[in-house]
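The next block holds one structure in the form of C-alpha cells; read it before the comments.
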Protein chains: 2
Amino acid sequence: MPLSDQTPNPRRSTVEHIADELRSAVMTGRLEPGEQLGEADLAAHFEVSRGPLREAMQRLVSEGILHAITNRGVFVSELTLEDVRDVYRTRSVIERGALEVVLDEGHREATADELDDVVRRMRRAAAKGDGPAVSDADQHFHEVLVEASGSPRLIRAMRTLLVETRMCLGELRTTYTDLETQVDEHEALRRTILEATPAKAKSALQAHLDDAVERLVAKRT
Amino acid sequence: MPLSDQTPNPRRSTVEHIADELRSAVMTGRLEPGEQLGEADLAAHFEVSRGPLREAMQRLVSEGILHAITNRGVFVSELTLEDVRDVYRTRSVIERGALEVVLDEGHREATADELDDVVRRMRRAAAKGDGPAVSDADQHFHEVLVEASGSPRLIRAMRTLLVETRMCLGELRTTYTDLETQVDEHEALRRTILEATPAKAKSALQAHLDDAVERLVAKRT
DNA sequence: GATTGCCAGATTGTTGACAATCTAGGAACC
DNA sequence: GGTTCCTAGATTGTCAACAATCTGGCAATC
C-alpha cells in the first residue's frame, strides 16, 4: 500500500538544492563565463555555511560546468570556439544515439506526440514574438527527444550538454533571424525524424545541429 | 619560455586526488557495489578531515558512481541488469560517435597504430594466460579509440562509462572463455574499423559491444 | 508472542574558526 | 624609470566540534 507517494525523495538534500540553483544560474547567464564564485558571498546568499556550498560546487566541477584552480577559487568555465564545436559535436552523437533507440524500440508515435506539443508551444511563443521562450522550447525539443530514449546515461549527458549550450548562446538567446523559421525548421525536423527512414532521420538531425553550430560560430566572430 | 613544464597542474588538489583514489577503488572492486562509504573511516584512511573527503564523494555522486541518501550516507551504486544494458548502449553511442570523428578527420593511420600497440600488449598478456591484464587491455582499446577523437566531452563520458563497465564485470575480469578469442576479436575489430567503410566500421563496433553485453547478461543469470 | 515505544550509540549534516596561499599595492633599490 | 621585494588584506583549504537524524536492541504493553 503506497499510502502517500508524495515524497519519492524524502527531502532534496541541501547540496543537491544548491547545485541545482547554481546550475540554473550558470545556464541563465546570471553567472557569466569566467566569473569567479566567491565562497563567502554565495554561502551568505544561500544562507548556508561554506561547507555545503563547496560540496555543491565540486559536483558542478565534475560536470565540467565549473573549473577549480587550487588556492585561487572556482570559476564558471569559459567556452572557446573549439568547445562550442565540441558541445554540438557531442550533442549530435548523443541525440542521434537517442533517436536510434527511440526508433528501435518503437516509441515513434508517443515521441511524435510529445514533440508536437513542444513545437506547438514554440509556435505560440513565436507568434507573440517572445524570443527567449522560443529558445527555451528549442532546447526542450531536444531534451524531450533524448528523454524519449529512456536511457538514464544518455539523458544525464544531454542535461550537461544543454547547460553548456546555453552558456554558448550567452546573451543572445537565439541565433535565428526569424522566429517563424526556427519553428518551421523544428516542425520539419520532427516530421522527418519520425516518418523517414532511420538513416535519413539521423542525417536530418545532424544537419540541424550543424546549422546551429555554424550560425553560432558566425555570430561569435 | 617554458623553462619547466613539469607541473601543468601546479599541484593536484586534495579533493581531486581523493576522488581519483575512490574512483579507482570502485573500479577495481575494492569497494563493492552497495557498500557504504563511512566518512570517518575513509577520512582516517586518507589522513584528511571529513571536509575534503565529502567534497570528493560529491564529485563521484554527480558522475553516478556513488549515490547519496540523506542522513544515511553515500553508497557505491549498484547496477541492475537494466543498468548494464544502458551502460553498453551508451558506450555504443559514444564509441561509434568517436569513431565517426576519427574517420571524418582522417586520423585513421595514427589511430590504427595506437590500437595496434594495445592489441599487441593484449596478445602478450593472453600468451601468459594473464586474464586481468587482457581485460585491462580490452578496456584500454576502447578508451584509446575514443581518445583518438580528441573530443573532451566524448572522452569524459567514456571515462565514467568505463568505470561502470568495470563495476558490471565485478570479480570476473573477462567474460571470454578463451583469451586468444578475445585478442583475435579485437584485432579483427581494429582492422575492420580502420579499413572498411565508415558504415561497416560502425556496425562492427556495435556488434562487438552487443556481443559483450550479451555474454555479460548471460553470466549474470 | 507480536507489536509498539523508547533509548543509547553511531553516523551524517552543518557550522565557525584557524592555517595556508595568493593578489594588489607601495617602498626600496639598481 | 624599471625591477624586485615585502607587507596587508582577502580568499581558499582544512579542521575539529556541535546539532540533527537514523539504526538496532530492549523493555513494556496488548
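Quick caveat: nothing in here was measured; it's all calculated off a predicted structure. Here is the naming used below: chain letters follow the sequence lines, and residue numbers restart at 1 for every chain.
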task = Please confirm whether the backbone N or O of A/Leu161 pairs with a side-chain atom of A/Thr165, one donor and one acceptor, at under 3.5 Å?
result = yes

inquiry  = Categorize A/Leu53 for me: base, sugar-phosphate, or nothing, with a 4.0 angstrom heavy-atom threshold over every strand shown.
reply    = nothing

ask   = How many Å lie between CZ on A/Arg50 and C1' on C/dA19, as a whole number?
value = 12 Å

key: CD on A/Glu21 to NE2 on A/His45, rounded to 0.5 Å   = 7.5 Å

ask   = Does a side-chain N or O from B/Thr14 land closer than 4.0 Å to OP1 or OP2 of D/dT14, or not?
value = yes

remark   = Whole-Å distance, B/Leu66 CG to C/dT12 P, equals 13 Å

ask   = When the distance from CD of B/Glu55 to C1' of C/dT12 is rounded to whole Å, what number comes out?
value = 16 Å

key: Between C1' of D/dA16 and CD of B/Glu47, the distance in whole Å   = 17 Å

Below 4.0 Å: OP1/OP2 of D/dG13 and any side-chain N or O of A/Arg54 = yes

request  = Would you please say whether a donor-acceptor pair under 3.5 Å links the side chains of A/Arg96 and A/Ser92?
outcome  = yes

inquiry  = Pairing donors with acceptors under 3.5 angstrom, does anything connect the side chains of A/Thr80 and A/Asp83?
reply    = yes

note = Applying ring-ring contact (aromatic ring centres under 6.0 Å, His included) to B/His208 and not counting sequence neighbours gives B/His142, B/His186

inquiry  = In whole Å, I'd like the distance from the CD1 atom of B/Ile69 to the P atom of D/dC22.
reply    = 12 Å

Just the table, please: protein N/O against nucleotides 5-11 of chain D N/O, every pair under 3.5 Å.
none

ask   = Given atom CG of B/Leu42 and atom C1' of D/dC15, what is their separation to the nearest angstrom?
value = 17 Å

request  = Output yes when a side-chain donor or acceptor of A/Ser24 lies under 3.5 Å from a complementary backbone atom of A/Asp20, and no otherwise.
outcome  = no

